[in-house]
There are 2 protein chains.
Amino acid sequence: MSEVSEIGEADWSVWRAFQAMRRELDRAVEQRLHADAGISGPDFEILLSLFRAADNQLRARDLGELLGWEKSRVSHQVTRMVARGLLERRECPTDLRGTWVVLLPEGRRAVLRASRGNATELRRLFFDVLTPAEKATLNELSERIVDIANPASCARADEILNGEQEQQTAS
Amino acid sequence: MSEVSEIGEADWSVWRAFQAMRRELDRAVEQRLHADAGISGPDFEILLSLFRAADNQLRARDLGELLGWEKSRVSHQVTRMVARGLLERRECPTDLRGTWVVLLPEGRRAVLRASRGNATELRRLFFDVLTPAEKATLNELSERIVDIANPASCARADEILNGEQEQQTAS
DNA sequence: CCCGTGAAGTTGACATGTCACCCACCTGGC
DNA sequence: GCCAGGTGGGTGACATGTCAACTTCACGGG
């Protein structure tokens, strides 16, 4: 056996199982989204973020931070979705550099069509399959890894979802 | 709170943490691979599979099954890597439809340059961060999910890695 | 007021991944 | 032998993601 590193076979086995799980999970979820609503995983992430946001709209910057995406990815994805009539771009009056991304009725219908099947699939493959203890373990372990990999990414999501629409709705 | 489904907030929180973990983990590992050896994650997966295979070569079909990739993805990726001098395609004498994918010296150097940093990064972000109990939990849970998502994908990897080179090395 | 720095977004080029389709070849039944 | 259906693999069009510029604007210090 040609050894490449000092990582044991048992550890590699865990890693391979983890990778396979991610792959199959994504595949199944994406297929379901496409079958139910004709949208992709990234489409759904954007739509759901906007659906849950105050006034169904978010600054592009906040969308990116919420999803952990780079700004150019957000821009490309939004452009494609605007072309399909799911979203709309709107100028930001308080910061002329900014852009609001707004959910359109067509986009709202797509989220609603996709959500039930998506939830079903997630329950079938994830939530119903894990014990509460396993979920707790996974949650804790995930947060630990994120802290190490990217110490800067913590604790911004809440304020984005709750506090920032005052920039335009507060008179 | 506009509820989209019957999945509880605690469960969603686990899901988000899990997603963020995957994202940051991939980002860190890919950056390291690129810095150390100028290759991408998919590049490394191919190279490592070949490096560990008998005679440093695999049938395209087996490569795909080993990695869980579609055949066209394998073909595109191999084409790009052949163009960079990392791999070579060779005809299969026993099945004229088949193709062997062979690791070239340049590819071997790339794996070796990438492996140490990759292992370091995986240990820093994964193996050293998880307790043995957590690894066991993650392993078991992953296998369970894979079984549900794709019941057909089990128990082929071993024979690919160990048994199939007789097609050409056995006289 | 004006300048330098940095933030917000967009764009184009390019790498990656998927899908539908194609072709060559193998294999089993007749 | 021959044909039907399946397998192995490649290709081109397109969707997705990343990187490096570039533009516009905000903001703080002289």
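Proteins get letters first, then strands, A, B, ... in listed order; numbering begins at 1 in each. Computation of the quantities below employed the complete heavy-atom set of this structure, encompassing side-chain atoms and omitting hydrogens, waters and symmetry-equivalent molecules.
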query: When every nucleotide of nucleotides 2-7 of chain C is labelled 5' to 3' by its protein contacts under 4.0 Å (heavy atoms), B for base, S for sugar-phosphate only, - for none, what sequence of letters results?
result: ----BB
field: side-chain contact (heavy atoms from CB on, under 4.5 Å) involving B/E121 - partner list, sequence neighbours excluded
entry: B/A28, B/V29, B/R32, B/R124, B/L125
statement: side chain to side chain donor-acceptor pair (under 3.5 Å) filter on A/E88, not counting sequence neighbours, yields A/R90
message: A/R80: which residues meet the side-chain contact (heavy atoms from CB on, under 4.5 Å) condition with it, sequence neighbours left out?
response: A/H76, A/Q77
- line: Residues passing the salt bridge (charged side-chain N to carboxylate O under 4.0 Å, His left out) test with A/R113, sequence neighbours excluded, are none
- request: List for me each residue that meets side-chain contact (heavy atoms from CB on, under 4.5 Å) alongside A/Q19, sequence neighbours excluded, and say none if there are none.
  value: A/W15, A/R22
field: A/E134: salt bridge (charged side-chain N to carboxylate O under 4.0 Å, His left out) partners, not counting sequence neighbours
entry: B/R144
query: Can you list the residues that meet the side chain to side chain donor-acceptor pair (under 3.5 Å) rule with B/T79, with sequence neighbours excluded?
result: B/R89
- prompt: Can you list the residues that meet the side chain to side chain donor-acceptor pair (under 3.5 Å) rule with B/D128, with sequence neighbours excluded?
  reply: none
task: Go through residues 74-89 of chain A and report each residue with a non-hydrogen atom lying under 4.0 Å from DNA chain D, sorted by number.
output: A/H76, A/Q77, A/R80
task: Tell me, please, which residues at least two apart from A/L67 pass side-chain contact (heavy atoms from CB on, under 4.5 Å).
output: A/E45, A/I46, A/S49, A/L63, A/W69
query: When you list every nucleotide of DNA chain D with an atom under 4.0 Å from a heavy atom of chain A, which one comes first 5' to 3', and which comes last?
result: D/dT16 to D/dA26
